[in-house]
Structures are given as structure tokens and as C-alpha cells.
Amino acid sequence: MSYLQIDGVSKQYDDFTALQSISLTVEQGEFICFLGPSGCGKTTLLRTIAGLEEQTTGRIIQGGQDISDLPPSKRDFGIVFQSYALFPNLTVAQNIVYGLKQGRKKKERNAQRVNDLLAMMEIPDQGHKYPSQLSGGQQQRVAVARALAPEPNLLLLDEPLSALDAKVREHLRKQMKSIQRELGVTFILVTHDQEEAISMADRIVVMNQGRIEQVGTPTEIYEKPNSAFVADFIGQMNFFRGQSIQGNAFRMGSSTLKLEHIGENICSGEEVLFCIRPEKVSLWPDKLQRSSILQLKVSHLEFRGSYCRVEFVLPQELRFDRSTLYIDLTEEEMQRANLTLGKNTDVYLPHHQMHVFPQKEAVQAVVAA
Amino acid sequence: MLSDSTHSNPLFAIWKKGTRFLQKDFQTNLGGFFTLSLAVAVLCLVILLPLSFLFIKSFQDQDGLFIGWFNFAEYFSLLDEQGNFIGLLEGLRSFPDSAVAVSLGNSLQISLISAVLVTSLALLYAYGLSRTNIPFKGAWKVVAQIPILAPSLLPAISLFYLFGNQGILKGLLMGESIYGPIGIVLGEVIWTFPHALMILLTGLSLSDARLYEAAESMKVSKMKIFFTVTLPGMKYPLISTFFVVFTLVITDFGIPKVIGGDYSVLATDIYKQVVGQQNFQVGSVIGLILLFPALLSFYVDRRIQRKQVALVTAKSVVYKSKKNPKLDAIFLVINGLIASAILSILFMAAFASLIEFWPYNLSLTLSNYDFDQMDGGSWEAFRNSLEMAGWTALFGTPLIFSFAYLSQKMVGFRRTKNLIHLLSMIPLAVPGMVLGLAYVFFFNHPDNPLNFLYDGMTILVLCTIVHFYTVSHLTAVTALKQIDSEFEAVSASLKVTQLVTFFRVTVPICLPVILDISVYLFMNAMTTVSAVIFLYSSDTTLASIAVLNMDDAGDTAPAAAMAMMILMTSACVRLLHLVITRKMIARTQSWRK
């Protein structure tokens, strides 16, 4: 049986639905990320698991016990907030032992625990300092140590890295991941940063407007998005219009094409939306793969350091959210392609790299994002 | 002792099942549920119920029988000699000549004039302090705070010495008498000045420097900037100041009593009805009338505060005044004049308390401080005041702070928390005399099981705490709001009870604010007259009451001396407070940012 089962959990505020019938299972020792734009309900879901918010309907079962109606103090979890929420008037060591049983006999053991945790968080010998004397990254490490001190089986992290600058964030990502692996504690992390989710999570739960859009490993989410929202939200994506003819046959502009992976919810004759990631578009034919070819004019060249972004003008009938298609080329590829502004070039869209979604669903999702 | 077999007991299973639906509220927070209910009950008992009693009383006769609008009719002179109703039309015709019309008109007149005067003077003073580079800003601020340390009676007594029949500056009045509207307005202006200044200073400090930079870069004249940027930005603080002062004046009783002469106002009318004629019913009618301006002011102030929040953004840039010697010179003169007016009031009172017999024998003496020899005054009154203020701070501070904590930091119970907050706001809208009268009706009622509280010191302390409840509550709420809202969630996740976190984290963080509240309560308890005027007994005369009584008995110099004692006590407490706060902040600097 799964470690954590969320079963049809909804949260209704007066005239706002924060969560709509969320169901999800989490295995022991998994690293899960709730990912989504702000207001998608990811934090509400986290707080509901903690018991800090009360679900309107639904059950939550943790380690075989129904915890739906238990107060936070009776549930088994540690929590880390974006604001760290460290007690400013207590030292780092006092903060960490805050949730441990105190007493003269426990003193030595608690001190040992503090040292172990600080060592694990790579901030040894900081126990005597007050939180305000530490940097943001160090404070967040103390917050994690404090949450882990009572040895919870579940650690909830609410945007723990958002307030930190990029370098610290990257380091902490690695650190948290390795700690999680080492301790085998189940982590649930809320974030709006897709990079963070992709680099840390065993599985990502993509959320939008109080609903789960997709659950999967980072690779699954990236390679096989199952909705236009996920396709758009994760990574870069080009969109263009088309129509469904029948089955797996589609029309794009004047040409027709057959795609391999199609969702079930596309009806014949329906307006659809194709999408393809910039790095999957090629300027050269691949003999092994079927591709659609578009002849497009270069409208913009932009040097971006490690790569170059090239934009092509899309024909009017293909345009969806923008008037261009963009691809990213390495320096080598740039030299090989020899592109100049205004030049017409053949652009290859490999069919196995293309995704297709019903257009009406996509319009909502893309606009919402 | 519960053995394992207890859990398999069928009775236990039934009991468990039966309580499951209550499980959430009780298990989650049985303690929270009871604590919040207790807080609501206490606030209802000390605020809502006494006020309802006052309301009911105004529709009853002396024996407690319901008599409808009779009391109102009596006060509004709608009765003939036989006590028969003369009809609304007739009443309306004779209304302008009635005593109530005179008092009402007088009250409105002095309140309006004082509010306009104080608002404009305080605006000038505040502008000088925050928008110019005049020297000694600290000193100007301290001087302006002096009147708040003394009861309102002190400026009135000073005015008596300055402009009275034997006054040194009597000539300045050009034949007008100080006893009456002039004296009242002058006294009120001095007394309410610090209140007005505080609101306006905050208002001026909140404006965004970028607006001024934009205006200056467009080469707009200083005058135009003042009228197009400064004043519109000050709209809400100005309105707020006006209403706060208006309410303070219309409900103030001390100044009209001392320097008002025959000029009757609503606040002195209540006093005359209740203390003079023992007519509590009509007293409560006037009390209800006095509630109106206070309620209006309260409503306007709330509305404005809600709007003002949006006015300042986190991105606002603090205004820094530029060099402008001409402007500085002008404001140095203005602030100097205002400050010297305040200082001369203070010095006059101090001087008057130290001389033998004004104006014939100006030799210095301490005999006026020999209160035990005076009619209506005694050193015991001063000791009583200290005791009362001490208890008020000692009991009031933890009560108010913990109730504020409950209203902010309990998880769940949204409605109950809002109710606590709402109840806590009521005292601000209730004038002290009205609250005191309500307490007489409620706690002195023979059938009230709580009437044991109507016992000398207890009732004085209780009424004073409630009278100054709202400002203390708001101070606590502001401090509590600045604390990370996740502390309670973190402690719950660490399985530490909220009570432990309250004492280990919340209280230490809020200690400076807790100290502020206790000093505020202490100082106000020392100076208040209106809240306690109906509640003191012969054993519990207070210093501020003694000032009033000695002045009433013609012992003006001893009255001034007692007022000076209050002022010096408040000043000492304030100084002590400053020192302690400094020390405390220095000691905890390692963790305070």
C-alpha cells in the first residue's frame, strides 16, 4: 500500500474553488514536486496534507492511518516555509531542538542531534548563533534541520528556495536531494520553478486551476505532456494551428501529416494545435524519421551565449499565440546553416517529436497560464 | 490506568464513535475553543452588557419601570410643569430656548472651533518637523508631547492663572472673559494638540518622495506642490485628526468644568444630572447623545484607515527635506510660538503650585503640596492613583495582549476571532463618562452576580482598562501581525503546543510592545477623569479627581500642585520606559534586526 493516499480532496472557499477533487498516491521515500503557476492550488494541497487547511471533502491516508480529521499536531510531518519561520529569539541550536523532548537527561542526546544535523546541512558550529546572524541560505538549512530533528517520515517544503539567489538555490537543490536519498524520508516540495522540479523530483505533479494536469517523472512530463497546459508550462514550446482529418491524420496549412501519439479526445474535423519544442526542430532532413517541411523566412537572430535563437515568420493560417516559430542552434549549426536575416529556409518538423491537442482546450490553458 | 483491554471494550468503542463527529473541533482545539469562548464572554461582560444597560436605563424611570421616551422628553423640554407631553410641534417651537439646545449648540461650537484650530496648528507644526530642516527637532517633539502627560484639567487651571480675573495676560483678551468658550477652546487646543500631532506626523512621514521629485522636475512652484501633492496626500490624516479632536473635545468634561463658567456643554450636563441631581435616567439620555459624535468619528476613522493602507506601497521612497533657509526660518518661528504656548501653560501651572498666594504673595512655598490640609484633596488620592494605574497596567496588559493574540493567531475559528476584534474596537467609540455611567448601572445593579466587582479599586481598574482598551489592542495587533504567521504551523508540526510557543517565542518578540502598552495604560490611568468620575468612592478618590474637587472648592493652587504631581509621575514613567526599552533592545540586539 502507498505511503500517502490523497483521495478526492476538494477545498472550497466562499466563491472560489482552490482544489477540485484531487487524488494522488505517494510512495515511501519518494521525492514529489507540486508544480504549477501561482494560484493553482499547490500550496493549498500541501497545507491540507499538513492539516493547516481543512479539506471540504475527501480523505487523506498516511501510513495506513486516516488523518483527514486530525489536527496538525497529531500528524507525522515536518514543514519548511519560504519565509524559513525560524524563531528569531532562539539560537540555531534552540530552534533545532524546539520539537524534541527536553530535560536534563536528554540534553546530551539533543546536543548530539543538533551537531549531526548541522553537519549534514553543511553548517557546522553555527548552533550558538541567532537566525538573523546567518545568510538566507544558511537560515533555510536550519529550517530544514529543525523540521527533520524529530525524525518525521514526511517532509513538506513550501517554496523553500524561492527567496534565495540563483547560486545558493542550485547548491541547496543538490543538497536537499542527497539528504532525501540518504534519509529515505518522503519529500513533498511545492514550487513554481520548473527547473527546480525537473532537477529534484522523482515524480512531478503539475497543477493548474485547482486540478492535477499530469503526474509523471520529469522525463515523462517533458517528453510526453498530456495537455497543452503542461506542454506550454514546462520548457519551451512552439504552437501552431491545424485541423484533424480523421484518426491520426491531420492537416497543417496545405500539407497533411500522420502522427503516432495522439490523445483520445480529438474528434475528426476538430481544430487542433500542434506543438514542438525548439530543440526538436531541425534545419536538415533526417532520413530515418518522417518530417513535415515548412519553407520559412528568418525574421530575427539573437545571440544568447551558449546558443543562438532563430525566429521564422509563420504563415498566417498557422499562427496561434505568436507570429513566429523559434529554434535554438549551436554555434556549429549556425555556421553550417549560414542563416541571414530575411533568408528563406526549409524547416523540418519531425513527426515523432510533435504533440497535438484539441484547440479549444489549449486556448483555455494557454491563456490561463 | 488504562490497560490494553480498555480499547477492546465495547463501551469504549461506542464512546469513540459517538464523539467522532465532535472530534475535529474538540480534539483539534478543545483548549482553543474554550479560551476563545472565554474571551468573548469577558469582553461582552465588560463592554457590551454595561452599554446595553445604559441604553435600557434611558427608557426607564427611577424604579426601573419602562416609560418609553419620557426621559428624552424631559431632557428635551417637551414636558409642561405637570409632566405632560406638550406635543412635538410645541416642543419644536420652544426647543431653541431650551437648556438642551444651548448645551448642544455650545458643545458643537467649541468642538468645531477646537478641531479646526488644532488641526491647522498641528499641521503647521508637523510640517515644520517633517518637511523642513529646522534645528532641535527632538526638543520640539518632546515639548509637544507634554500635554498628554497631564490631565486635561492642567491647561484649564493654567489658563485661569494666565487669563483669569487676576491673570497676568488678562489684557490680551481685550475685555472678554476666559470663563466660557474662549477658555474652553484654548484649553482643548493645548490638551488635544499631541493627539493631533501624532496622527499628522505619521501621515506626513508616509508620503512618497518620488511624487515631489516628479513635481520639482516639472518646475512646479513650492506653493503649488503643497496644494497638489502634500495636501491631497494628507487628506485622510487631516480628516482623521479633525474627527479625533472633535470627539475628544465634545466628550471632555474636565476643561469645561474648570474654566467653562456658566457656559454649559453636554459633558458637564451629564455631570450635573448625575452628581448634582442624582438623575441617572436623564444622565443616560445625554450619554446616548454623546455616543453619536463618537460613533461617527469612529466610523469615519475606520473607513479612512482602510483606504489609507492602499496609499503607501512598499516601493515608496522616504521624503528627505531639501535646504531652504527661508522656509526653515518661517517654521522655526511658527513651531517656536506653538511650543512656547505649551511651555508657558506648563510653567504657569508649575509656578502657581509653588507660590504662596496668587497674585498678592509671590514667595515660593511647598505648602500647596500639603494636600492633606486641603478640601477634597489628600496624598492618599495620589497614592490611590498610583495604585490604580499600577493595577491597570498589571492586569490590563496581559489581558489585552493575550486577547489580541487570540484574535490573531488561533488556527481556525474565523468568526469568533473577528468577533473578539470587533468587540475590542467598541471602547474607542465610547466616551469615558458614558462608559463610567454604564458601569454604574451594570455593576451596581443589586441583582448582578458580578456586583462584588463594584468595590472601590476593582471597578476603577476595570473601567480604566476597558476605556483604553482599543488603542492597546490595536498596538498589540500591529505587533502580532508583523510576526511570521507560520510560527504556529511550525510549532504544530513540531508537536509543541501553542501555549509553549506563545511564551517562548511570541511574548519575547513582543516584549517592547507589551511594555509600550503597559506604560500607555499607566499614564492614561493617572490622568483620566471622565472614566472614573462616577465610580470613585470616598476611599478611592484619585489624584485627577482631587484636582477637580480642590479646584471646585476654590483651592486652585493645590489643584495645580496635584496636576503637577500627575504630570511629573507620568513624565518619570515615560522616562523610565525609554531607558528600559533601550536597555532591553540593546540586550536582545543579537537577534533583533
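Just so it is clear, the structure is predicted and the values come from calculations on it, not from any experiment. Letters A, B, ... mirror the listed sequences (proteins, then strands); counts begin at 1.
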**OP:** Using side chain to side chain contact (heavy atoms under 4.5 Å, CB included) as the criterion, point out the one residue from B:I483, B:V505, B:D484 that pairs with A:F87.
**Re:** B:V505

Subject >> CG on A:L52 to CD on B:E488, rounded to 0.5 Å >> reply: 11.0 Å

Original post:
Which answer fits B:T501, side chain, backbone, both or neither, if we ask what part of it has an atom under 4.5 Å from a heavy atom of chain A?
Top reply: both

Original post:
Under the 3.5 angstrom rule, does the side chain of B:K495 hit a backbone N or O of A:R75 as a donor-acceptor pair?
Top reply: yes

Original post:
How about residues 56-65 of chain A versus chain B: which residues have heavy atoms under 4.5 Å apart?
Top reply: none

Original post:
By a 4.5 Å heavy-atom criterion (distance strictly below it), what part of A:L86 contacts chain B: side chain, backbone, both, or neither?
Top reply: backbone

Original post:
Mind checking whether B:I509 and A:P88 have side chains closer than 4.5 Å, heavy atoms only?
Top reply: yes

Subject >> Under 4.5 Å from any heavy atom of chain B - which part of A:R146 >> reply: both

Original post:
A:S83 versus B:F487: any side-chain heavy-atom pair under 4.5 Å?
Top reply: no

**OP:** Please round to the nearest 0.5 Å and tell me the distance separating atom CG of A:D76 and atom OG of B:S493.
**Re:** 10.5 Å

Original post:
Is the CZ atom of B:R574 crowded by more than 12 outside heavy atoms at less than 6.0 Å?
Top reply: no

Original post:
How about residues 89-106 of chain A versus chain B: which residues have heavy atoms under 4.5 Å apart?
Top reply: A:N89, A:L90, A:Q94, A:Y98, A:G99

